[in-house]
Amino acid sequence: MDWSAYAHEQGLGREVGENLVRAKQLSRSPHLTTGDLLRALVRDTRHAGAACAALGLTPERVEPALEELAVTPEPLVLQGPTEMSGPLASVILHVQDEGNLLGVQSSGSLLLALRPDRMDVNPGPSDPLDSPGHGELALEMLGVERLRLRAVVLEAIAQSHPDTRDWDTRAEGFLRLSRFHMAYPYPGETEPPTAATESNEEAARLPAIAAHYLNASPEDLKWLGTALYDERKKWFVARLVRLTESVPTELLEPLICAAIYEQDPSRNRHFVEAAVRGVGLAPVHERLLWYMRQGVDAEKAGAMRALYWCPPPDADSVKETARGLLDAFQRENDLDVRRTALSKLALIDWRAMDTGLRTRLAEVLQLAEAHPDVYIRHRADGLRLDLRGVLS
C-alpha cells in the first residue's frame with residue numbers, strides 16, 4: 001500500500017504521510033501498527049521528533065517497551081485498509097481532529113493522536129478501534145503523561161510558528177479568522193472570508209499562543225479571566241483551554257460563569273467540557289450545583305442548562321441534582337428558573353430515586369399542572385405520562 005498517497009487522500013498532510021511511510025519501513029509485521037508509528041515518530045525531523053526529544057524518547061528507550069508488548073498483537077481493523085491494525089485505524093481517525101485543533105496539520109498531531117484521552121471510554125472495549133495500541137501502551141509504560149505530551153507538542157510547534165503579540169491582538173486576530181479555524185465560532189459573526197494564506201498563518205500561531213497560556217503570568221491570567229466575561233473573547237479563551245486541557249485555578253470560576261451566562265443551550269457545552277477536561281467532573285458539577293442553589297435568577301437557570309453537559313459523577317450527586325431541581329421549582333418565583341427546572345427534571349431517571357424524592361416530584365407535578373404558564377403545564381403532563389407506574 002502507498003501510505004503517502006493514502007495520507008494525501010485522507011487530507012492528513014505530507015508530514016503524516018512521511019511518518020506512515022517510515023513506519024512501514026520499520027514495521028516488523030505484515031500489518032502497520034501503532035508500535036510501528038511510534039518507532040517512526042521518535043525519528044521524525046519535525047514537531048513530533050522535537051517533542052519526543054524533549055520527553056527523552058529515543059529509539060533505544062522506546063524499543064524495549066515495544067518488544068515487551070509485541071507478544072500480544074494489536075487487533076486487526078474490521079473495516080478500511082486491511083494493512084493496518086485496529087488501534088492504528090483509530091489513530092488515523094483522530095489525526096485530523098488534532099490537527100484542526102492545533103491549527104496546523106503536522107507530525108505533532110500524529111503524536112497526539114497516538115496518546116488519546118480515554119476518560120469517557122469504559123474499560124475493556126470490545127471494538128478493536130477502541131483498544132489501546134502498542135504505541136499508546138508504550139508511552140504509558142515509559143511514564144509519558146498525556147498532558148505533558150500535549151504541552152511539549154505545543155512548544156515544539158511554537159518554535160516554528162512563534163507569537164509575540166499582546167493578548168488583545170491575539171484574540172482579535174483569532175476571532176477575525178474564526179470562520180476557518182475556530183471550533184466554536186461566536187454568535188453573530190459577520191466578518192467576510194479572508195485570504196486562505198492569512199487564515200492559515202493565524203491558525204498556525206495557535207500552539208504558540210497556547211504555550212503562552214500554559215506559562216501565563218498573574219497579569220496574563222487577569223486578562224484571560226476578564227475575557228471569559230466578554231461575549232466575543234470568551235471563545236478565544238475556550239479554544240486555548242481545550243487546546244491545552246489545562247485550567248489554572250484563577251480561571252475555573254470565570255470559565256464556569258461563561259457556561260452559565262451563555263444563552264445558547266448548545267454552545268454552553270464548550271465551556272463546561274473545557275472545564276471538565278481541565279479539572280475533572282466532580283469540581284465542575286459541584287460549582288454548577290452551587291450556582292443552581294445560590295446564584296441570582298439568571299445564574300440559577302444558566303447553571304441548570306449547563307448541568308446537561310456535566311453528568312453527576314456518582315449516585316449521591318444524582319440525588320443532590322434531583323433535590324436541587326425540585327427545590328428550584330417549589331421555592332423560586334422566576335418563570336425561566338421554574339421552566340428550566342421542570343425541563344431538567346424530565347431528564348432524571350426517577351426509577352432509580354428513593355421514595356421520598358418521588359413523592360416530592362409528585363407534589364411538583366401537581367403544582368405544575370395548575371400553573372398559569374402553558375409551557376409548564378405541558379411539560380408536567382408529558383412528564384407524568386412518561387412516569388406512569390413510577391409515581392404513585
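Residue indices begin at 1 and follow the sequence shown. Source: prediction; values computed, not measured.
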Salt bridge (charged side-chain N to carboxylate O under 4.0 Å, His left out) against R39, all qualifying residues, sequence neighbours excluded: D36, E63
Pairwise salt bridge (charged side-chain N to carboxylate O under 4.0 Å, His left out) hits with a residue in residues 343-367, at least two apart: D327-R360
Min side-chain heavy-atom separation C310-V276 under 4.5 Å: yes
Polar contact flag, side-chain donor to acceptor under 3.5 angstrom, S106-H47: yes
Flag side-chain contact, heavy atom, 4.5 Å: V241 against F271: no
Neighbour count >12 (heavy atoms, 6.0 Å) for atom CD, E219: no
Check: E74 side chain, H134 main-chain N or O, donor-acceptor pair, under 3.5 Å: yes
Ion pair E98/R150, N-O distance below 4.0 Å: yes
For W290, ring pair (Phe, Tyr, Trp, His ring centres under 6.0 Å) partners two or more places apart: none
Pairs where residues 214-233 contributes a residue and the test ring pair (Phe, Tyr, Trp, His ring centres under 6.0 Å) is met, not counting sequence neighbours: W167-W223
Side-chain donor/acceptor of N19 to backbone N/O of E15, under 3.5 Å: yes
E286, CD atom: more than 12 neighbouring heavy atoms under 6.0 Å: no
Sub-4.5 Å side-chain heavy-atom contact between L41 and L37: yes
Pairwise side-chain contact, L387 with L361, heavy-atom cut-off 4.5 Å (strictly under): yes
Crowding at NE2, H94 (>12 non-hydrogen neighbours, <6.0 Å): no
Under 3.5 Å: donor-acceptor pair, side chain of W3, backbone of R22: no
D336 side chain near K300 side chain, heavy-atom distance below 4.5 Å: no
Any residue meeting side chain to side chain contact (heavy atoms under 4.5 Å, CB included) with P313, in chain and number order, not counting sequence neighbours: L281, A282, H285, S317
Test: R338 and E332 ion pair at under 4.0 Å: no
Salt bridge (charged side-chain N to carboxylate O under 4.0 Å, His left out) partners of residues 373-382, not counting sequence neighbours, each pair once: R339-D373
Hydrophobic cluster (4.5 angstrom, side-chain heavy atoms) - remaining members for L147: none
Side-chain donor/acceptor of H212 to backbone N/O of D163, under 3.5 Å: yes
Hydrophobic cluster partners of L385 (side-chain heavy atoms under 4.5 Å): none
Distance-only donor-acceptor hits, side chain of residues 251-260, under 3.5 Å, sequence neighbours excluded:
| residue | atom | partner | partner atom | Å |
| --- | --- | --- | --- | --- |
| E253 | OE1 | R287 | NE | 3.2 |
| E253 | OE2 | R287 | NE | 3.4 |
| E253 | OE2 | R287 | NH2 | 2.6 |
| E253 | OE2 | Y291 | OH | 2.6 |

Residues in side chain to side chain contact (heavy atoms under 4.5 Å, CB included) contact with T169, at least two apart in sequence or another chain: R165, D166
Side chain to side chain, R239 and I209, heavy atoms closer than 4.5 Å: no
Donor on one side chain, acceptor on other, S107 and D44, under 3.5 Å: yes
Electrostatic pair K222-E250, nearest N-O below 4.0 angstrom: no
E231 side chain to Y261 side chain, donor-acceptor N/O pair below 3.5 angstrom: no
Set of residues satisfying side chain to side chain contact (heavy atoms under 4.5 Å, CB included) with respect to S4, sequence neighbours excluded: D2, V21
R115/E140 ion pair, N-O < 4.0 Å: yes
Electrostatic pair D264:R267 at N-O distance under 4.0 angstrom: yes
Enclosure of K24 NZ (heavy-atom neighbours >12, cutoff 6.0 Å): yes
Check: H270 and W309 side chains under 4.5 Å, non-hydrogen atoms: no
Considering only distance and modelled atom types, tabulate donor-acceptor pairs under 3.5 Å from the side chains of residues 7-14, sequence neighbours left out.
| residue | atom | partner | partner atom | Å |
| --- | --- | --- | --- | --- |
| R14 | NH1 | E18 | OE2 | 3.1 |

Salt bridge present between R232 and E172 (N-O < 4.0 angstrom): yes
Exercise: do T34 and E136 side chains pair donor with acceptor under 3.5 Å: no
Enclosure of Q330 CD (heavy-atom neighbours >12, cutoff 6.0 Å): yes
